[in-house]
Novice: 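Please see the structure below; I have some questions.
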Amino acid sequence: MRQKIVAGNWKMNKTFQEGKALTSELVGMINDEVRGNVKVILCVPFPYLDTVRSLVGQSSRISVGAQNCSEHASGAYTGEVAASMLKSIEIPSVIIGHSERRQYFAEAGVLLAKKVDIALANGLTPIYCCGEPLEVRERNEHETLVRKQVEESLFHLSAEAIQQVVIAYEPVWAIGTGKTATAQQAQDMHAVIRQHLAGKYGKTVAETITILYGGSVNAGNANELFACPDVDGGLVGGASLKSREFTDIIKAMKA
Ligand code: 13P
């Protein structure tokens, strides 16, 4: 059985005080209401990581993730955060290659492969994001592009290493727009990604890899999206900033 995961990506939102309040509310609601084997990851801004991790405490369900890391090990890279720093404050996962990093910070293929490598070398789980802009889908080239994104940043990994990676499919046109992929569109692309992984690593390995859907997931559409056989959970932006709604999304993931 693949691990089911619902991750919240706070992006660059919330003050420290608001973030602490949200975390406390969430921990209470999740502990009270969520059952089954779904894991929750709160991907919060760097300055909040250590505090949010403390507030989460020794939960077996909830953990904390970063939203990015440097491709470099350490040194003179002002403003950057190393994977080893995340490890040293016991952060177990990191988002890599989010479409906003690709779009606004020109991150792509080889660079993202280096980030995946350094995350894995530090024992972190990379949550590797892929997904097509609207014009690519309109040209019907979305499957080709997403296969390429997966290939160029992940296919250098061994079969053992790829199984440490979580993949998130986030169509750019569905992020923060209120426009969600239909369950069928999500399932189709997740199946394409899994088949591509199977082609490279074999079916058994491909079947173990968690693939999340992201893009305007909310409490109203989560049930349908999460019911798709190849959708193993969600990477949630805006709706993860609201404790009631995010808890309801987590409860929609039957595991
Ligand atoms: P929204 O849920 O706000 O569309 O954001 C999705 C996302 O980018 C999660 O990483």
Side-chain angles (χ1 to χ4, degrees), residues 4-14 18-19 22 26 38-46 48-49 52 62-69 91-105 107-108 112 115-116 119 124-134 136-137 142 145-146 149-150 153 165-183 185-186 189-190 193 210-226 228 231-253:
K4 308 293 184 187
I5 298 172
V6 177
N9 176 8
W10 290 9
K11 307 191 181 183
M12 198 172 75
N13 290 297
K14 300 283 181 193
E18 290 165 348
L22 174 61
L26 273 172
V38 57
K39 301 273 192 216
V40 178
I41 307 175
L42 306 179
C43 299
V44 308
F46 287 130
Y48 309 167
L49 283 167
V52 170
I62 314 169
S63 66
V64 181
Q67 298 173 13
N68 182 30
C69 70
I91 297 302
S93 50
V94 56
I95 297 174
I96 289 178
H98 191 280
S99 67
E100 288 146 18
R101 303 279 333 160
R102 293 177 188 262
Q103 192 176 346
Y104 306 130
F105 302 93
E107 296 192 359
L112 296 175
K115 292 191 177 202
V116 168
L124 301 171
T125 299
I127 303 172
Y128 176 74
C129 300
C130 54
E132 79 287 357
L134 183 59
V136 173
R137 182 164 278 265
H142 45 294
L145 177 72
V146 169
Q149 289 173 332
V150 169
S153 303
V165 175
V166 169
I167 296 176
Y169 168 59
E170 299 205 307
V172 179
W173 47 271
I175 295 178
T177 57
K179 198 173 168 190
T180 325
T182 63
Q185 286 172 320
M189 186 61 91
H190 283 225
I193 295 169
T210 297
I211 308 179
L212 310 179
Y213 169 78
S216 297
V217 176
N218 59 43
N221 58 30
N223 268 308
E224 203 190 346
L225 287 162
F226 294 170
C228 298
V231 176
D232 305 311
L235 181 54
V236 185
S240 76
L241 300 171
K242 301 172 209 152
S243 52
R244 178 69 269 154
E245 180 155 27
F246 190 51
T247 304
D248 287 342
I249 293 170
I250 299 163
K251 286 161 76 179
M253 184 74 254

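Hydrogens, waters and symmetry mates play no part in the numbers below; they use all other heavy atoms, side chains included. Numbering of ligands and ligand atoms starts at 1, following listing order.
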Novice: Closest approach of Leu241 and Leu22, non-hydrogen atoms and distance?
Specialist: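 It is O-CD1, 3.7 Å.
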Novice: So which bit of Ser240 gets within less than 4.0 Å of ligand 1, heavy atoms only: side chain, backbone, both or neither?
Specialist: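 Neither; no heavy atom under 4.0 Å.
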Novice: Taking the inter-plane angle between the rings of Tyr213 and His190 on a 0 to 90° scale, is it parallel (under 30°), tilted (30 to 60°) or perpendicular (over 60°)?
Specialist: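 Aromatic pair Tyr213/His190 classed tilted.
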Novice: Taking the non-hydrogen atoms of Ala174, is any one of them nearer than 4.0 angstrom to ligand 1?
Specialist: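 Within the 4.0 Å threshold, so yes.
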Novice: Should Gly176 be counted as touching ligand 1, given the test is an N or O pair under 3.5 Å?
Specialist: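 Checking ligand 1 against Gly176, an N or O pair does fall under 3.5 Å apart.
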Novice: Can you name the closest pair of heavy atoms from Val217 and Phe226 and give their distance?
Specialist: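 In this case the closest contact between Val217 and Phe226 is CG1-CZ, 4.3 Å.
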Novice: Please determine if Gly238 has a nitrogen or oxygen closer than 3.5 Å to a nitrogen or oxygen of ligand 1.
Specialist: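 Among all N and O atoms of Gly238, at least one is under 3.5 Å from an N or O of ligand 1.
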Novice: Please say whether Gly237 places an N or O atom under 3.5 Å from an N or O atom belonging to ligand 1.
Specialist: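 N/O-N/O distance under 3.5 Å: yes.
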Novice: For ligand 1, indicate whether the residue Asn9 contacts it via side chain, backbone, both or neither (heavy-atom separation under 4.0 Å).
Specialist: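 Answer for Asn9: side chain.
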Novice: I need the atoms of ligand 1 closer than 4.0 Å to a non-hydrogen atom of Glu170, numbered in the order shown.
Specialist: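 So the answer, numbered in order with elements, is 6 (C), 7 (C), 8 (O), 9 (C), 10 (O).
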Novice: Locate the shortest heavy-atom distance separating Phe105 from Glu100; write the atom from each residue and the value.
Specialist: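 Between these two residues, the closest heavy atoms are CD1-O, 3.7 Å.
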Novice: Considering all heavy atoms of both residues, which atom of Asn13 and which atom of Tyr48 are nearest to each other, and what is their separation?
Specialist: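 So the two residues come closest at O-CE1, 4.4 Å.
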Novice: Identify the protein heavy atom lying closest to atom 5 (O) of ligand 1, giving its residue, its atom name and the separation to 0.1 Å.
Specialist: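 Ranking protein heavy atoms by distance from atom 5 (O) of ligand 1, first comes Lys11 NZ, 3.3 Å.
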Novice: Can a salt bridge be assigned to the pair Glu132 and Arg137 using a cut-off of 4.0 Å between side-chain N and carboxylate O?
Specialist: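 Counted as a salt bridge, because a side-chain N and a carboxylate O are separated by less than 4.0 Å.
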Novice: Under the criterion side-chain contact (heavy atoms from CB on, under 4.5 Å), I'd like the reasoning laid out for Ile96 against Cys129: C-alpha separation, chi angles, the key distance, then a yes or no.
Specialist: CA-CA 6 Å; Ile96 289 178; Cys129 300; over 6 Å; no
Novice: State the atoms of ligand 1, each with its element, that fall below the 4.0 Å cut-off from a heavy-atom position in Ser216.
Specialist: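 Per the distance check, 1 (P), 2 (O), 4 (O).
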Novice: Could you tell me, atom by atom, which parts of ligand 1 come under 4.0 Å of a heavy atom of Gly215?
Specialist: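 This gives 4 (O), 6 (C) as the contact atoms.
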Novice: With no hydrogens and no angle check, do the side chains of His98 and Gln67 hold a donor and an acceptor under 3.5 Å apart?
Specialist: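 There is no such pair (donor and acceptor under 3.5 Å, judged by atom type) between the side chains of His98 and Gln67.
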Novice: Taking both backbone and side-chain atoms of His98, is any N or O found less than 3.5 Å from an N or O belonging to ligand 1?
Specialist: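 The answer is yes, given that His98 and ligand 1 share an N or O pair closer than 3.5 Å.
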